[in-house]
Amino acid sequence: MKKLISLMAILLSFSAIAQLNIVAVGEAELELSKVEVAKPILQGGVTGNYISSASTIMDVIRNDFSFYMKKFSVKKELSSIGEGSLSYSSFKTQGVSYVIRGFFRQDNTGLKVKLSAHDIGKGESVAEREYVYSGSNPREIAHKFAQAAFESITGEKSIFNSKMIFVSDRHGTRKDPVKELYMMDFDGGNKKRLTRHGGTVISPAVSHDGTKVLYSLIESGNSKHRNINLRVYDLKTGRNSLVSSRSGLNSGAVFMPGGESILLTLSHVGNAEIFIMNLKTKALTRLTNSYSPDVDPSINTNGSIMTFLSGRAGKPMIYTMDMATKKVKRISYVGKFNATPRFAPDGKTIAFSSWLDTRFDIFRIDSDGNNLARLTKDFGSNEDPTYSNDGQFIAFSSQRVLSRTRAVQNIYIMDNDGEIIGSITENFGNCTTPRWTKSL
C-alpha cells in the first residue's frame with residue numbers, strides 16, 4: 001500500500017525544477033492572410049468606462065485572431081481606420097486580406113455596438129453583428145463576434161468561445177496549502193473561482209457538453225488517512241456534489257461519451273484500477289485487473305478506445321484498451337515515466353507528458369503508437385496537456401524557476417506542432433491541470 005500511494009503521488013502531482021526559455025518549435029513558411037482590426041470608432045458622446053470597454057472589445061478581437069498563427073498575420077496594434085466607406089482597393093494594395101471595424105454609440109440603454117468583418121479581395125462585408133453592452137462583460141461580445149467572423153472567413157469553428165478549467169493555489173500558503181478549481185476564457189481573461197473547499201483539488205475533467213466538471217478533493221486536515229474523494233461541479237448552477245468516496249483513491253475521472261457514465265480510478269479493491277461508473281445508479285464495471293496500478297484514463301469521442309497509465313512495464317507508461325475486445329496495448333516507450341495521456345478531439349492522437357532529460361516535456365503520439373513527436377524542449381518542466389475544441393492547440397502547465405527556493409507554474413498554449421503562443425496566466429498563484437471545455 002505504501003508503494004502504491006508513493007506511485008500515485010507521482011502520477012497525480014508531478015513537480016520539477018528547470019529553467020524556462022521560450023523557443024519556437026516546428027516553424028514553417030506559410031502564406032498567411034493579413035488581418036487589420038480597427039481602433040474603436042466612437043460616434044456621439046461615448047463617455048466614461050464605455051470608452052475603455054470599446055477598446056477592450058477591439059483588442060480582444062485582434063488578440064483572438066492572433067492565436068491562429070498558421071492562418072492569419074495580425075497587426076500587433078489596432079489600426080486607425082475612419083468611419084467612412086472602406087477603400088477596398090487601397091487595402092488590397094497593402095496586401096491586407098481582412099479588415100474588422102467596430103462602431104460604438106451610447107444611449108440610455110447602454111453602449112450600442114456594431115461590428116463588421118470585411119473581405120478585401122471580394123470587396124464586401126462577410127460578417128456583421130449588433131450588440132447592446134450594459135457594462136458587464138465586454139470580452140464576451142468580442143469573443144462572440146470573433147467566432148462569427150472567423151467562421152465566415154474560414155468556414156470552421158474556432159476556440160474563441162471556449163473556456164479553460166484549471167487549479168490554482170493562490171489562496172493557500174506553504175503551511176496551509178489550498179488548491180481550488182477556477183475557470184477562465186481560453187485566453188486567460190475573466191478568471192472565476194468555482195470551489196471553496198479549503199483543501200486540495202486535483203485532476204479536473206470537463207463533460208463533453210461543457211456543463212460539468214469532475215474533480216478529486218483531498219480535504220484539509222493533518223490526518224494521514226485522508227481520502228481522495230470524487231466530486232462533480234455543475235457550471236450552470238454553481239453546485240457541487242459527491243460522486244464517489246470509496247476507501248482510497250477516487251480520482252482520475254473523465255466523462256464517457258453521452259455523459260451518463262464516467263471512467264475513474266478506484267483503489268478500494270486493493271490496487272488502483274480503472275472502472276466505468278453509471279452516474280445515476282453508481283453501478284461499477286471493472287475494466288482493468290493488473291498487478292500494478294492502472295490510472296488516469298482518457299477516452300476518444302466515440303468511446304471505442306481508452307488510453308491510460310499503467311505500471312505493468314515496471315514504470316508508468318501509456319497503454320490503450322479496445323473497449324469492445326478489452327485488448328490492451330502499450331504505446332509509449334519514451335522517458336523514465338509518463339503522465340496524463342489525453343486524446344485529441346478526432347481521437348487520432350494522444351498528448352502526454354514524459355520525464356526526460358531531468359524534466360517533463362509534452363509529447364504527441366498516434367493512438368496506434370506510431371509517429372511519436374516531442375512538442376516541448378528547453379522550455380521548463382511541462383505537464384498536463386489538453387487539446388482545444390478544434391484540435392489545433394494544446395494548453396499545458398509549465399514551471400519557471402524564480403530562485404533556489406521558489407518556482408511558479410503558469411498555463412501556456414502552443415499549437416499542435418509545438419510552437420509556443422504564450423502564457424495565459426500570470427501572478428495568479430501556481431496554475432496547473434488546464435482542461436479545455438469541449439463545447440463549441
Side-chain angles (χ1 to χ4, degrees), residues 8 12-13 137 162-173 176-186 190-221 223 225-268 274-284 295-299 340 342 384 386 395 397 411 425 428-439:
M8 290 308 303
L12 290 170
S13 179
N137 187 359
S162 63
K163 303 287 186 181
M164 196 86 71
I165 302 296
F166 67 104
V167 172
S168 174
D169 66 356
R170 69 188 308 257
H171 290 292
T173 64
D176 185 22
V178 172
K179 296 183 179 181
E180 301 285 4
L181 201 64
Y182 292 79
M183 181 172 66
M184 60 184 171
D185 293 353
F186 85 94
N190 289 328
K191 293 180 180 67
K192 177 184 178 182
R193 183 175 177 177
L194 300 181
T195 61
R196 298 179 182 274
H197 293 297
T200 300
V201 169
I202 59 174
S203 305
V206 185
S207 63
H208 294 273
D209 63 3
T211 64
K212 293 180 175 63
V213 183
L214 289 166
Y215 63 96
S216 292
L217 175 66
I218 306 172
E219 295 184 357
S220 60
S223 172
H225 304 289
R226 288 177 295 166
N227 219 47
I228 302 177
N229 295 332
L230 183 67
R231 304 185 70 86
V232 63
Y233 183 95
D234 190 314
L235 290 169
K236 289 184 176 180
T237 66
R239 298 174 181 172
N240 70 82
S241 56
L242 184 67
V243 175
S244 180
S245 59
R246 289 171 173 82
S247 176
L249 295 170
N250 300 262
S251 186
V254 294
F255 285 91
M256 296 278 286
E260 295 181 357
S261 298
I262 61 173
L263 293 170
L264 76 163
T265 301
L266 297 171
S267 64
H268 68 290
I274 297 171
F275 294 77
I276 298 175
M277 175 188 285
N278 183 293
L279 286 174
K280 289 184 179 179
T281 67
K282 301 300 170 71
L284 293 176
V295 301
D296 212 355
S298 176
I299 195 159
T340 55
R342 290 294 179 268
D384 305 314
T386 177
S397 63
I411 294 170
T425 62
F428 204 76
N430 289 297
C431 299
T432 63
T433 54
R435 292 292 173 252
W436 231 304
T437 60
K438 305 298 189 294
S439 58

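Just the heavy atoms: all of them, side chains too, but no hydrogens, waters or symmetry mates, feed the values below.
- Between L284 and H268 the shortest side-chain heavy-atom distance falls below 4.5 Å.
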Candidate pair I165 and L194, rule side chain to side chain contact (heavy atoms under 4.5 Å, CB included), full reasoning: CA-CA 9 Å; I165 302 296; L194 300 181; 4.1 Å; yes
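- From L279, atom CG reaches atom CZ of F255 across 6.5 Å, with rounding to the nearest 0.5 Å.
- Scanning all heavy atoms of the two residues, the minimum distance from S261 to N278 falls at OG-CA, 3.8 Å.
- Contact check for D296 versus R342: side-chain heavy atoms found under the 4.5 Å cut-off.
- Screening residues 239-257 for salt bridge (Lys or Arg N to Asp or Glu O under 4.0 Å) gives no qualifying pairs among residues at least two apart or on separate chains.
- Between the N250 side chain and the I228 main chain, a donor and an acceptor come within less than 3.5 Å of each other.
- Interatomic distance, CG of L214 versus CD1 of I262, reported as 5.0 Å (0.5 Å rounding).
- Using a distance-only test at 3.5 Å, with no hydrogens or angles considered, a donor-acceptor pair links the side chain of S207 to the main chain of K212.
- At a cut-off of 3.5 Å, with distance as the only test, no side-chain donor of W436 or T386 sits close to an acceptor on the other residue.
- Closest of all the heavy-atom pairs between P204 and R435 is O-CG, 3.2 Å.
- Among all heavy-atom pairs drawn from S203 and G252, the shortest one is CB-N, 4.2 Å.
- A donor-acceptor contact shorter than 3.5 Å links the side chain of S267 to the backbone of L249.
- Proximity of a side-chain donor or acceptor of D169 to a complementary backbone N or O of V178 within less than 3.5 Å is not detected.
- Put simply, the side chain of D384 reaches to within 4.5 Å of the side chain of P434, judged on heavy atoms.
- Here R170 contributes atom CZ and Y182 contributes atom OH; the two are 5.5 Å apart, rounded to the nearest 0.5 Å.
- Formation of a donor-acceptor pair under 3.5 Å by the T437 side chain with backbone atoms of K163 is found in this model.
- Ring planes of H197 and Y215: tilted class, angle from 30 to 60°.
- With T425 contributing its side chain and I411 its backbone, the two residues share a donor-acceptor pair below 3.5 Å.
- Under the salt bridge (Lys or Arg N to Asp or Glu O under 4.0 Å) criterion, the residue pairs touching residues 191-206 are E180-R193, with sequence neighbours excluded.
- Atoms OG1 and CZ, on T265 and F275 in that order, are 9.5 Å from each other to the nearest 0.5 Å.
- The nearest pair of heavy atoms linking S168 to G429 is OG-CA, 4.1 Å.
- To the nearest 0.5 Å, atoms CE (M183) and CG (L235) are separated by 5.5 Å.
- To the nearest 0.5 Å, atom OG of residue S397 and atom CG of residue N430 are 9.5 Å apart.
- Summarising the geometry of P297 relative to V254, their closest heavy-atom pair is O-CG1, 3.4 Å, with the distance given to 0.1 Å.
- Although no hydrogens or angles enter the test, the distance criterion places a donor-acceptor pair under 3.5 Å between the side chain of T195 and the main chain of L181.
- Here the side chain of T211 pairs no donor or acceptor atom with the backbone of K236 at under 3.5 angstrom.
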